[in-house]
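What follows is one structure encoded as structure tokens, with my remarks underneath.
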Amino acid sequence: MNTNGNTYTVIYSTVLVVLVAAILAFVALSLQDKQNENVKLETITKLLSAASQSDGSFVIGEDTDVLGLYSGKIKDAFYVDGNGKKVSEMNTGKKNVKEIEVTTTSNLKAENDKMKKIEDGDASLLGELRLPVYVFDINGKDVTVIPCYGAGLWGPIWGYLAIASDGKTVTGAVFDHKGETPGLGAKIVDKSFCDEFIGKTLNMTGETVFAVVKATAVTEPEHSVDAISGATITSQALGKSINLWARYYMPYLSGVAASAQEASAAEAAAVADEAAAGTSGTNINEEE
């Protein structure tokens, strides 16, 4: 074959492209399990980071056994639909940490797509939502972690909110992004920004459950945080994502809040009964 001819060049180029493509495909497949494991570890780390912000007794570092810490702190993990009904359980790794199940950003994107269709009028998908709920035992108190996901300025943004046992008070927040502008929108990952969420509450009755807005536009400071200066679009996108996801979690969180109120009322009644019994006993002794 004439090595200087066009036919040879075309055949040589085709064989080379196919060979390189085959090698890349093989490498990608061989690394897929490792990549999936890294994604899971990153997700678990963020879940723990959000939950642990209400407890300064442990810090997640490079040497932390993330899987072991998660299986020790997690109390329950499951999915709820848009009606707040529990539909399935996740493996929490109590027996084998390698079997821990968590939802990754690809899972969150799928649920976010369903939410958009529901917002456009397809209410039939409400029961098909699979919203992950993670309940941690932090110093003997339940801390629920829920995710959010949406589109930022240059790519997806996502995060996790830790909610106290009252079903509405934020005790921790962690956010991340794929390509927001460094020094501007990328600041959503900064601790100083995430700390602003701690102590805020979700609006359990209003259309806007939570907002990220400019300080001059704040109308309900208890249900909002200040937007990042110079990153209006990313801040608005994050606020919309949090608000959207929180709205679809509201049926479940309302149930958590109702249970907390009942437990608090029962505890108060028990204390009152105990006090009354003590007073009655004192009166009897005095009469004797």
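From a predicted model like this one, the values you see are computed outputs, not experimental measurements.
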Checking [X] side chain against [Y] main chain: does a donor-acceptor pair fall under 3.5 Å?
X: Q53; Y: A173; answer: yes
X: K214; Y: I228; answer: no
X: N243; Y: V209; answer: yes

Please list, chain by chain and in numerical order, all residues satisfying salt bridge (charged side-chain N to carboxylate O under 4.0 Å, His left out) with [X], sequence neighbours excluded.
X: K46; result: D176
X: K75; result: D142
X: K98; result: none
X: E101; result: none

What's the shortest heavy-atom distance between [X] and [Y], and which atoms?
X: G93; Y: S71; answer: O-CB, 3.6 Å
X: P147; Y: Y249; answer: CD-OH, 3.0 Å
X: S52; Y: S49; answer: OG-O, 3.2 Å
X: K94; Y: I74; answer: NZ-O, 2.7 Å

Distance, nearest 0.5 Å, that separates [atom1] of [X] from [atom2] of [Y]:
X: L238; Y: I157; atom1: CG; atom2: CD1; result: 5.0 Å
X: L153; Y: T234; atom1: CG; atom2: OG1; result: 5.0 Å
X: C148; Y: M115; atom1: SG; atom2: CE; result: 9.5 Å

Quiz item: Which ring pair (Phe, Tyr, Trp, His ring centres under 6.0 Å) pairs, counting each pair once, include a residue from residues 253-278, with sequence neighbours left out?
Solution: none
Quiz item: Which pairs, with at least one residue in residues 65-102 and sequence neighbours excluded, count as a ring pair (Phe, Tyr, Trp, His ring centres under 6.0 Å)?
Solution: Y70-F136, F78-Y252
Quiz prompt | Within residues 152-170 or reaching into it, pairs that qualify as side chain to side chain donor-acceptor pair (under 3.5 Å) - sequence neighbours excluded | solution = W154-T181, D166-T169
Quiz item: Looking only at side chains, do D190 and S192 share a donor and an acceptor under 3.5 Å apart?
Solution: no
Self-check item: Sequence-distant partners of Y248, ring pair (Phe, Tyr, Trp, His ring centres under 6.0 Å), two or more places apart
Solution: none
Quiz prompt | Residues in side chain to side chain donor-acceptor pair (under 3.5 Å) contact with T103, at least two apart in sequence or another chain | solution = Y134
Give every donor-acceptor pair under 3.5 Å between a side-chain atom in residues 197-208 and any protein atom, sequence neighbours left out.
| residue | atom | partner | partner atom | Å |
| --- | --- | --- | --- | --- |
| K200 | NZ | P221 | O | 2.8 |
| K200 | NZ | S224 | O | 3.3 |
| T201 | OG1 | E222 | O | 3.4 |
| T201 | OG1 | H223 | ND1 | 3.1 |
| N203 | OD1 | T205 | N | 3.1 |
| N203 | OD1 | T205 | OG1 | 3.4 |
| N203 | OD1 | G206 | N | 3.0 |

Distance-only criterion, 3.5 Å: show the donor-acceptor pairs between side-chain atoms of residues 82-90 and protein atoms not counting sequence neighbours.
none

Quiz prompt | salt_bridge(D113, K109) N-O dist < 4.0 Å | solution = yes
Quiz item: When you check the gap from the basic side-chain N to the acidic O, do K116 and E111 get nearer than 4.0 Å?
Solution: no
Quiz item: What residues, two or more places apart in sequence or in another chain, satisfy side-chain contact (heavy atoms from CB on, under 4.5 Å) together with V18?
Solution: T14
Quiz item: Are V256 and V170 co-members of a hydrophobic cluster defined by side-chain heavy atoms under 4.5 Å apart?
Solution: yes
